[in-house]
Every structure is written in structure tokens, then in C-alpha cells.
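All heavy atoms count here, side chains included; hydrogens, waters and symmetry mates do not. Below, read A as the first sequence line, B as the second, and so on, with proteins coming before strands; counting in each chain starts at 1.
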2 protein chains.
Amino acid sequence: MKAEKIPEATIIRLSVYSRNLQYMEEMGITKVSSQEIADATDGSSAQVRKDLAYFGEFGTRGVGYEVKHLNRHLKKILGLTKPRSVVIVGAGRLGKALMLYNGFGNRGFRVMGIFDKDMSKVGEQVGDLTISPMYKLDQFIKTHNIQMGVVTVPAAAAQETVDIMTRAGVKAILNFAPKNLIVADDVKLRNVDLAVNLEVLSFYMGLEEREGEK
Amino acid sequence: MKAEKIPEATIIRLSVYSRNLQYMEEMGITKVSSQEIADATDGSSAQVRKDLAYFGEFGTRGVGYEVKHLNRHLKKILGLTKPRSVVIVGAGRLGKALMLYNGFGNRGFRVMGIFDKDMSKVGEQVGDLTISPMYKLDQFIKTHNIQMGVVTVPAAAAQETVDIMTRAGVKAILNFAPKNLIVADDVKLRNVDLAVNLEVLSFYMGLEEREGEK
DNA sequence: TACTCACCGTGAATTATATCACAAGGATCC
DNA sequence: GGATCCTTGTGATATAATTCACGGTGAGTA
Ligand SMILES: NC(=O)c1ccc[n+]([C@@H]2O[C@H](COP(=O)([O-])OP(=O)(O)OC[C@H]3O[C@@H](n4cnc5c(N)ncnc54)[C@H](O)[C@@H]3O)[C@@H](O)[C@H]2O)c1
Ligand SMILES: NC(=O)c1ccc[n+]([C@@H]2O[C@H](COP(=O)([O-])OP(=O)(O)OC[C@H]3O[C@@H](n4cnc5c(N)ncnc54)[C@H](O)[C@@H]3O)[C@@H](O)[C@H]2O)c1
């Protein structure tokens with residue numbers, strides 16, 4: 001792999017390519033061209049090839065890519081070959097929905113625990129896990145060597161939650177709370193913000209509406 | 001407003017600025033500098049000013065911005081002054097969680113209906129709405145002039161769902177299904193993909209691990 | 001083996017986005 | 001009312017990402 005810095009947009013696309021290759025694999029398709037990958041993921045074939053070029057040469061000139069082979073490499077690049085252990089903190093509506101989501105497991109992510117502060121929820125069964133109290137979180141992360149945390153607590157509690165997680169050793173966090181969180185440099189943080197997504201859509205709708213007025 | 005093309009990244013940041021200005025407003029803070037906005041949203045002050053500059057001049061040199069005034073303008077830009085009506089299709093775990101989410105309403109989004117194909121779910125109460133059957137969706141969108149759709153059905157059903165929505169007149173779609181959807185040019189689509197987010201985190205964790213090996 | 005074809009891999013050109021740095025201008029104080 | 005701050009607004013500059021376009025190379029064919 002080249003030492004070059006890789007755009008995050010490339011990583012996002014690799015994940016989407018991999019998902020589509022997965023579908024192709026399941027459908028029994030064995031070879032694919034950069035153009036076909038582009039069509040399936042609405043991008044350009046040049047973009048597909050550029051993205052892959054950061055990591056090596058996976059295709060055969062004049063032929064294309066072998067679906068299984070390419071997907072195996074993409075999964076390797078994305079770190080999906082070794083299982084990733086995850087905890088969810090905040091067993092509310094969203095936390096439980098994520099807990100019960102199947103799409104999790106079949107990509108190598110294992111939800112090992114779900115935690116909540118509310119003692120009336122502690123003990124409740126969610127899928128095949130039981131909601132645990134917050135005071136057990138630190139020890140749980142250390143004992144089970146948890147690598148990733150998902151934050152589904154209210155915004156006001158999000159910072160204290162990630163502080164506990166990172167102090168215990170979590171190295172990556174997916175945050176659903178609408179709050180800008182602060183983490184150490186060696187911890188990777190991503191925010192999923194529903195409101196922001198809706199507001200971006202709302203902005204573009206506004207543009208169309210103004211067009212219409214003219 | 002200038003006719004220039006505005007980066008999507010700018011729109012995303014404006015939404016985040018607005019959220020933080022909202023908090024400031026609620027805390028009684030009346031003035032703020034681009035630097036302070038940058039600190040709250042981890043960006044740079046130059047970035048904040050550039051973003052705002054696409055839409056006009058909102059500050060006072062030597063002083064900064066009036067929180068209320070700036071936030072009012074940002075909301076206007078984002079189209080949050082007129083209420084946006086929304087339907088959710090797919091009353092599963094995720095659809096219900098979104099339905100019951102408060103963060104929706106206080107930014108001008110009104111969930112007007114929730115639909116599902118499964119007749120055993122139809123009639124069920126979710127918050128103050130009742131789950132409706134799919135055959136009513138088209139008429140509902142037309143009658144209530146629904147502008148936005150949220151897709152929380154399984155991937156296999158996502159394309160047919162957006163087809164119904166767009167044919168009925170929906171102009172913007174937020175899709176949670178892990179599927180690349182096709183929509184007409186005048187319909188704005190955004191995808192929220194949990195798996196992609198986790199995989200991006202996984203990738204960066206992989207980089208750290210390789211560092212460690214050296 | 002030689003010839004053709006198809007499609008990858010990649011440097012170069014283009015376009016987009018972010019940062020820098022400073023002149024412009026309003027507020028405040030004497 | 002003039003001098004002094006301070007922070008905005010913005011052109012210029014730097015960096016990053018995408019698209020273009022074509023040379024290189026393996027596969028298939030006869
Ligand atoms: N529900 C959605 O559709 C949705 C969408 C986008 C973002 N979000 C965000 O996700 C978060 C959760 O949303 P939700 O709808 O599931 O809310 P919820 O109120 O249903 O769940 C929050 C849970 O967090 C627990 N909690 C509160 N403080 C805690 C603490 N300090 N430590 C541990 N647990 C704590 C609560 O007991 C509760 O069970 C919120 O930040 C919300 O803004 C939700
Ligand atoms: N649950 C999560 O945390 C999560 C996270 C990311 C993405 N997603 C995606 O969101 C979608 C929903 O996930 P979920 O966990 O809520 O699943 P779910 O199975 O709980 O809910 C799906 C709902 O859609 C309904 N449905 C199926 N086909 C339909 C059709 N043709 N028209 C209308 N309704 C139909 C089903 O009856 C069901 O109620 C899936 O595409 C999933 O991949 C879920």
C-alpha cells in the first residue's frame with residue numbers, strides 16, 4: 001500500500017463498492033468492470049479505478065476485476081476480516097433499533113454489550129443481550145477488549161459517555177447525539193446527524209422553490 | 001444571494017452552526033465571533049466566515065455576530081422557516097424510532113404519516129400517529145402536499161418505495177436502506193448508511209493497528 | 001506466434017475546496 | 001471628531017479531489 005494520504009471520500013466509496021460486490025457475489029456474478037461498478041454505485045469508472053489504485057492493482061487489463069477477489073481485498077482494506085467488537089451506550093429507541101439490526105453482524109461487527117443509566121431499563125432483554133448499568137461499562141470494555149462504541153444517549157450526556165469509553169480503551173466512536181464531541185487524537189470519531197441530513201435536503205428544496213418563483 | 005455554486009460541505013456546516021447558535025441562544029448568549037463558532041464546531045474561523053459569505057454579510061466588523069440574528073438567517077437559508085411535511089415509510093424498529101424522535105419537530109419538520117406494508121402493523125399507534133397501509137401512501141402525499149420522505153424499509157423494497165413517493169410528488173428523500181437508489185433529477189436524495197460509517201471507522205482503526213506493529 | 005481487442009492503471013489537466021493574510025469598516029473612548 | 005481597537009469580508013494562494021485521456025498489458029483468436 002502506498003504511503004500517500006487517502007481521501008475519506010475514497011474510503012466511503014470503497015465501503016459502497018464492497019457492499020455492491022457482495023450483492024454481485026451472492027447473485028453469482030464472477031467478473032465486473034470498473035464501468036459496471038460505477039453504474040451500480042453512481043460514480044465514474046475513472047473514480048473507481050483511482051480509488052482502487054491507492055491500494056494496489058486488483059484487475060486484469062482488457063478483462064476487468066474478479067468479483068470475489070476484489071471484494072476480499074476491499075474487506076481486508078476496510079479491516080473487516082478480523083471481527084470488531086462494539087458496545088452501544090443508551091438503550092433508548094435508537095440504541096435498541098441498532099442493537100437489533102442484522103446488517104451489523106454480517107460485516108464483521110459484533111455488538112457485545114448495551115448499557116444505560118436508567119436502572120428501570122437495566123436487566124431488560126434486547127435481542128440476545130441484557131441491558132447493563134453504566135458502572136459496569138469501564139470494566140466491560142477492558143475485559144472484552146471492546147474497540148468501538150456507539151453513542152445513543154441524549155446530547156447532554158454524550159461527552160461524559162465518550163469520556164468513559166475512551167478512558168477504558170475504545171478506539172473508534174460512532175455518535176448519534178447532535179453534539180460536537182471532543183476526543184483524543186488517537187480516537188476516531190464519526191457523527192451521524194439526522195437533523196443535519198434533513199436540513200441539507202431542506203436547503204436544496206428551497207433552491208428549487210426559488211427557481212420555480214422566477 | 002450570489003448565484004455561485006455552493007459546496008454541500010458548506011450546507012452541512014451551516015446546519016451545525018445553526019444548531020450551536022440555537023444552544024447559545026437558549027443559554028442567553030447574545031454575541032459571538034467567527035472564532036467562537038469555529039471552536040464550538042471544530043472548524044476554523046476563516047471557514048466559518050467563508051461559509052457565511054456565500055449568503056451575505058451578517059456580522060459587524062470589530063464586534064462579531066448577533067446570535068439571534070445570525071441564527072434566524074441560517075434557518076432561513078436552510079429553509080426551516082416554513083414547516084416541512086414528512087412521511088416515514090417502513091414502520092420497523094428504525095422507522096418508529098425516527099417517528100418518536102423529538103429532535104425532528106423543533107427544527108421545523110413535521111412527520112405527518114407513517115406507512116407499512118405489513119397489515120399486522122397497520123392500525124398500530126406510534127406516538128400520535130397510526131400506521132397506515134401502503135395503498136394509501138400515494139393519495140396521502142398528494143392530499144397533504146408532503147414534501148419529504150424517509151425510507152426505512154428493507155433494501156429490497158427501497159426502490160419501489162421511492163418510486164411511489166416521487167410519482168406522488170415528494171421532492172426530497174432520506175434513505176436509510178443500504179441500497180443505491182435511482183431518482184429523477186429534480187428529486188434530492190441523501191443516504192444515511194450505518195454500515196458505511198462503521199466501516200470507515202474500521203478502516204482508520206486498521207491504520208492505527210498497522211502503525212503499532214512497526 | 002502474431003494480431004486484435006478491451007479495459008486497467010496512471011500522469012497530467014481541471015475543477016473544487018480550504019487556508020491565508022490583510023484591507024475595510026464599525027464601535028468605543030477620550 | 002479623531003485615534004485606536006477588533007473582527008469581519010474577501011481576493012489571492014495553496015491544497016485536495018476529480019476527471020481526462022491514453023499508453024500498457026493481458027486474454028482471446030486463428
Ligand atoms: N431516535 C432517533 O430517531 C434519533 C435520530 C437522530 C439522533 N438521535 C439522537 O440519538 C440519541 C438517542 O435518541 P433516542 O431517541 O434513542 O432517545 P431515548 O430518550 O429514547 O434514549 C436515550 C437513552 O439514553 C439513556 N441515558 C440518558 N443519559 C444517560 C447517561 N448519562 N448514560 C447512559 N445512558 C443514558 C436514557 O436512559 C435512554 O434510555 C439522542 O441524542 C438523539 O438526539 C435520535
Ligand atoms: N435498524 C437499524 O439500526 C438500521 C440501521 C441502518 C440501516 N437500517 C436499514 O433501515 C431499514 C429498516 O431497518 P429496520 O431495522 O427498521 O427493519 P425492520 O425489519 O424492523 O423494519 C422494516 C419495515 O419495513 C416494512 N416493509 C417491508 N417491505 C415494505 C414495503 N415494500 N413497503 C412498505 N413497508 C415495507 C416491514 O413490514 C417492516 O415493518 C433497512 O433497510 C435497514 O437495512 C436499519
Side-chain angles (χ1 to χ4, degrees), chain A residues 1-17 20-21 24 29-74 77 200 203-204, chain B residues 1-17 20-21 24 29-74 77 200 203-204:
Chain A
M1 189 176 87
K2 290 176 196 168
E4 223 171 322
K5 214 184 115 284
I6 294 143
E8 179 170 294
T10 289
I11 307 305
I12 292 171
R13 284 189 299 265
L14 290 183
S15 171
V16 176
Y17 300 157
N20 280 277
L21 291 169
M24 290 177 192
I29 298 169
T30 57
K31 65 182 256 323
V32 70
S33 68
S34 59
Q35 185 59 59
E36 288 166 327
I37 296 174
D39 291 344
T41 59
D42 32 48
S44 74
S45 64
Q47 181 80 79
V48 171
R49 294 198 299 277
K50 210 22 141 211
D51 287 338
L52 297 177
Y54 285 108
F55 300 95
E57 308 191 1
F58 305 106
T60 309
R61 295 172 192 223
V63 178
Y65 304 90
E66 215 248 299
V67 174
K68 234 173 153 166
H69 175 250
L70 180 56
N71 194 25
R72 188 167 53 243
H73 275 282
L74 289 184
I77 290 163
V200 171
F203 169 79
Y204 286 109
Chain B
M1 191 175 88
K2 290 176 195 167
E4 221 171 324
K5 213 185 114 283
I6 294 145
E8 178 169 296
T10 289
I11 307 305
I12 292 171
R13 284 190 297 264
L14 290 183
S15 171
V16 176
Y17 301 158
N20 280 276
L21 290 169
M24 290 177 192
I29 298 168
T30 57
K31 66 183 259 315
V32 70
S33 68
S34 59
Q35 185 59 59
E36 287 166 328
I37 296 173
D39 291 345
T41 60
D42 33 50
S44 73
S45 64
Q47 182 79 78
V48 171
R49 295 197 299 275
K50 248 286 137 66
D51 287 338
L52 297 178
Y54 284 107
F55 299 95
E57 307 191 1
F58 304 106
T60 309
R61 292 171 191 224
V63 178
Y65 304 89
E66 215 247 299
V67 174
K68 236 174 154 166
H69 175 250
L70 180 57
N71 194 25
R72 188 166 55 243
H73 275 282
L74 289 184
I77 291 164
V200 171
F203 169 79
Y204 286 108

Inset, instruction - Please report, rounded to the nearest Å, how far the C1' atom of D/dG23 is from the CD atom of A/E57. - result: 14 Å
Legend entry - For A/T41, all residues meeting side chain to side chain donor-acceptor pair (under 3.5 Å), sequence neighbours excluded: none
Legend entry - Length of the CD-P vector between A/Q47 and C/dA16, whole Å: 14 Å
Name the atoms and distances for all side-chain donor-acceptor pairs under 3.5 Å in residues 55-70 of chain A, with sequence neighbours left out.
residue	atom	partner	partner atom	Å
A/H69	NE2	A/H73	NE2	3.3

Legend entry - Interface residues of residues 31-43 of chain B with DNA chain D (non-hydrogen, below 4.0 angstrom): B/S33, B/S34
Inset, instruction - Could you list all the salt bridge (charged side-chain N to carboxylate O under 4.0 Å, His left out) pairs where at least one residue sits in residues 43-53 of chain B, not counting sequence neighbours? - result: B/R13-B/D51
Inset, instruction - Grab the NE2-P distance between A/H73 and C/dG9 for me, whole Å please. - result: 12 Å
Legend entry - Side-chain touch B/L52/B/L74, heavy atoms, less than 4.5 angstrom: yes
Inset, instruction - Check the distance between C/dT17's P and B/K5's NZ and give it to me in whole angstrom. - result: 5 Å
Legend entry - Closest to the B/P7 side chain, choosing from C/dG9, C/dT17, D/dG9: C/dT17
Inset, instruction - Start with the C-alpha gap between A/L21 and A/V32, add the side-chain angles, then the distance that decides, and say whether side chain to side chain contact (heavy atoms under 4.5 Å, CB included) holds. - result: CA-CA 9 Å; A/L21 291 169; A/V32 70; 4.1 Å; yes
Legend entry - D/dG9 phosphate, OP1 or OP2, under 4.0 Å from B/Y65 side-chain N/O: yes
Inset, instruction - Classify the nucleic acid contact of B/S45 as base, sugar-phosphate or nothing, counting any heavy atom under 4.0 Å across all strands shown. - result: nothing
Legend entry - Under 4.0 Å protein heavy-atom contacts per nucleotide of nucleotides 21-30 of chain C, with B for base, S for backbone only and - for none: B--BBBS---
Inset, instruction - Test for a donor-acceptor pair under 3.5 Å between the base of C/dT17 and the side chain of B/K50, counting only N and O atoms. - result: no
Inset, instruction - Identify, with sequence neighbours excluded, every residue that meets ring-ring contact (aromatic ring centres under 6.0 Å, His included) alongside A/Y204. - result: none
Legend entry - Distance, rounded to the nearest Å, where B/D51 contributes CG and C/dA16 contributes C1': 14 Å
Legend entry - Contact check, side chains of A/V200 and B/L14, non-hydrogen atoms, under 4.5 Å: no
Inset, instruction - Mind calculating the distance between CD1 (A/I12) and P (D/dA17) to the nearest angstrom? - result: 11 Å
Inset, instruction - Would you name the heavy atoms of B/K5 and B/Y54 that are closest together and state the gap between them? - result: O-CE2, 4.1 Å
Legend entry - Gap between atom CD of A/E36 and atom OG of A/S45 - 0.5 Å precision: 11.0 Å
Legend entry - Atom pair distance, as rounded to whole Å: CG in B/L70 and P in D/dT8: 11 Å
Inset, instruction - Calculate the interatomic distance between B/R13 atom CZ and C/dT17 atom P; express it in whole Å. - result: 10 Å
